Amino acid sequence: MKKYRLVPFILVPLIALLAVSAYIRTHDIAILNSQGLIANQQRSLLVFASVLSLVVILPVFALTIFIVLRYQEDNNHSTYSPDWDHSRILETIWWGVPLCLILILSIVTWRSSHELDPSRALASTVKPINIQVVALDWKWLFIYPEQNIATVNYVNFPMTTPVNFHITADAPMNSFWIPNLGGQIYAMSGMSTQLHLLADGAGTYRGSSANISGRGFASMNFVAQSTSQNNFDVWVQSVKESGDKLSMSKYDQLSKPSEHNKIAAYSSVEPDLYNKILTKYMLPAGQISGAEQ
């Protein structure tokens, strides 16, 4: 039996590794299935950091198994050396290697934090499209200021075109996230955050809230779709012909808490609606009701 005592320690990690690999191959994991410029770079950063971490993790687990087996009570072949308590070579290895890895990760993190800054505009010869996002309870409102249309729980944009999202909230703090295209950014009342994304090609992606904001959080999802410029123009025209306008009174109804909201579209939008939502939280308490009127 002693000849096979290493078998479980080898088989269990191997089976776990194969199971994880099979799961990744058969399931669409959004952050690994990147479909955009920013998401591609973020995925590469995650893979690099994970592989670099294994340089420390794997030897630690291997040495743990080795020490347990070699120095167990019934192993009479191990050398007993109670006076040995220091080795310059070993101390240099288990302090030097992690320090080198931390230094490498620090440099990579510093560079990527600047290169992947959410508020940093993407370099492109294509004119970007601006989309204003409002996090509500529990739905997402998308306003297209240049096209003068709006949608609920659905956002459409041309592929290979930089998308400049301007994000705020008219509800508790939330988090806007399209995992296939990039990382999340917070939506906060009285603040306007920015997120720049770009889709490599046509596709339909799941968008979600990445911040628990109440009982309707679980259903606070939206559809993000990238299409050709021509299809996008056709879609915009179809929304303009829908006839349903997002007036201030309709917005007041829309902003009330509701769950499992269906996709909706509005052919026109209350002038400067995004800024009205943004600035009402900047006014003194006594002036908020007057500003809304």
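Note that this is a predicted model, so its numbers are computed, not measured.
Placement of Phe217 and Phe222 in two distinct hydrophobic clusters is found when ILVMFWY residues are connected by side-chain heavy-atom separations under 4.5 Å, directly or transitively. By the criterion of side-chain heavy atoms lying less than 4.5 angstrom apart, applied directly or through intervening Ile, Leu, Val, Met, Phe, Trp or Tyr residues, Leu197 is not grouped with Trp177; the two fall into different hydrophobic clusters. Both Tyr266 and Tyr251 are part of a single hydrophobic cluster, where members link through side-chain heavy atoms under 4.5 Å apart. Side-chain heavy atoms closer than 4.5 Å link hydrophobic residues (I, L, V, M, F, W, Y) into clusters, and following such links, even through other members, never connects Leu136 to Met220. In the hydrophobic cluster analysis, where Ile, Leu, Val, Met, Phe, Trp and Tyr join through side-chain heavy atoms closer than 4.5 angstrom, Val269 is grouped apart from Ile263.
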Checklist entry - Step by step, would you call Asn230 with Ser228 a side-chain hydrogen bond (donor to acceptor under 3.5 Å, both in side chains)? => result CA-CA 5 Å; Asn230 182 63; Ser228 65; 5.2 Å; no
Item to check | Working for side chain to side chain contact (heavy atoms under 4.5 Å, CB included), residues Asn153 and Val223 | outcome: CA-CA 6 Å; Asn153 286 345; Val223 176; over 6 Å; no
Next on the checklist: Does Tyr144 form a side chain to side chain contact (heavy atoms under 4.5 Å, CB included) with Thr151? I'd like the steps, not just the answer.
Outcome noted: CA-CA 9 Å; Tyr144 294 73; Thr151 57; 4.1 Å; yes
Checklist entry - Step by step, would you call Ile185 with Phe165 a side chain to side chain contact (heavy atoms under 4.5 Å, CB included)? => result CA-CA 10 Å; Ile185 194 74; Phe165 289 104; over 6 Å; no
Checklist entry - Ile15 and Leu17: side chain to side chain contact (heavy atoms under 4.5 Å, CB included), yes or no, with the steps? => result CA-CA 5 Å; Ile15 292 172; Leu17 181 62; over 6 Å; no
Checklist entry - What's the verdict on side-chain hydrogen bond (donor to acceptor under 3.5 Å, both in side chains) for Ser247 and Glu270, showing C-alpha distance, side-chain angles and the deciding distance? => result CA-CA 5 Å; Ser247 61; Glu270 172 80 13; 5.8 Å; no
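Residues Leu45 and Ser112 share a closest heavy-atom pair of CD2-OG, 3.5 Å. Contact between Ala265 and Asp244 at its shortest, heavy atoms only, is O-CB, 4.0 Å. Nearest heavy-atom pair across Lys139 and Leu254 is NZ-O, 2.9 Å. Annotation for Pro179 and Ala39: closest pair O-CB, 4.5 Å, computed over non-hydrogen atoms. Here the closest heavy-atom approach between residue Gln225 and residue Thr204 is recorded as NE2-OG1, 3.5 Å. Residue Thr161 comes nearest to Lys127 through the heavy atom pair CG2-O, 3.3 Å, listed as atom of the first residue, atom of the second, then distance.
In this structure the side chain of Asp200 never reaches within 4.5 angstrom of the side chain of Met159, judged on heavy atoms. Between Tyr186 and Met173, some side-chain heavy-atom pair lies under the 4.5 Å cut-off. Residues Leu181 and Phe157 are in side-chain contact: their nearest non-hydrogen atoms beyond the backbone lie under 4.5 Å apart. Side-chain contact between Tyr274 and His166 is present, with at least one heavy-atom pair separated by less than 4.5 Å. Contact annotation: the side chain of Leu101 approaches that of Val55 to within less than 4.5 Å [non-hydrogen atoms, C-beta and beyond]. Under the 4.5 Å side-chain criterion, counting only non-hydrogen atoms from C-beta, Ile143 is not in contact with Ile131. Thr227 has its side chain out of reach of Pro158: every pair of non-hydrogen atoms, C-beta onward, lies at least 4.5 Å apart. In this structure, Ser258 and Trp138 have side chains that are not in contact, with every pair of non-hydrogen atoms separated by 4.5 Å or more.
Summarising the local packing, CD1 of Ile212 is surrounded by 12 or fewer heavy atoms from other residues, nucleotides or ligands at distances under 6.0 Å. For CZ of Arg43, the number of neighbouring non-hydrogen atoms (other residues, nucleotides, ligands) closer than 6.0 Å is greater than 12. The number of heavy-atom neighbours closer than 6.0 Å to CE of Met191, taken from other residues, nucleotides and ligands shown, is 12 or below. Atom CH2 of Trp235 sits in a crowded spot, with more than 12 heavy atoms from other residues, nucleotides or ligands closer than 6.0 Å.
Counting only distance, with no hydrogens or angles, the side chain of Ser189 and the backbone of Ala169 share a donor-acceptor pair below 3.5 Å. Panel note: side chain Ser226, backbone Ala199; no donor-acceptor pair is recorded below 3.5 Å.
Aromatic rings of Trp140 and Phe176 (six-membered ring for Trp) have centroids within the 6.0 Å cut-off, being under it.
Atom CD1 of residue Ile178 and atom CG of residue Leu195 lie 7.5 Å apart, to the nearest 0.5 angstrom. A distance of 9.0 Å separates OG in Ser34 from CD in Gln42, rounded to the nearest 0.5 Å. Atom-to-atom distance recorded for Gln132:CD and Leu278:CG is 9.5 Å, nearest 0.5 angstrom. Atom CD1 in Ile104 sits 11.5 Å away from atom OG1 in Thr109 (nearest 0.5 Å). Rounding to the nearest 0.5 Å gives a distance of 10.0 Å between CG of Asp272 and CD1 of Ile277. To the nearest 0.5 Å, atoms CD (Gln41) and CD (Glu115) are separated by 6.5 Å.
Using a 3.5 Å distance cut-off with no hydrogens or angles, the side chains of Ser208 and Asn221 do not pair a donor with an acceptor. For Ser249 and Asp252, the side-chain atoms include no donor-acceptor pair closer than 3.5 Å. Residues Asn164 and Gln194 bring no donor and acceptor atom of their side chains to less than 3.5 Å of each other. Under 3.5 Å, the side chains of Gln35 and Asn33 contain a donor-acceptor pair of N or O atoms. A donor-acceptor contact closer than 3.5 angstrom is absent between the side chains of Glu259 and Ser219. Using modelled atom types, one finds no donor on one side chain facing an acceptor on the other under 3.5 Å when comparing Asn211 with Ser213. Judged purely by distance below 3.5 Å, without hydrogens or angles, the side chains of Asp233 and Gln237 never pair a donor atom with an acceptor atom. Between Asn156 and Tyr154, the side chains place a donor N or O and an acceptor N or O closer than 3.5 Å (distance only, hydrogens not considered).
Checked against Asp170 for a salt bridge (charged side-chain N to carboxylate O under 4.0 Å, His left out), the options Lys276, Lys256, Lys280 give a single hit: Lys280.
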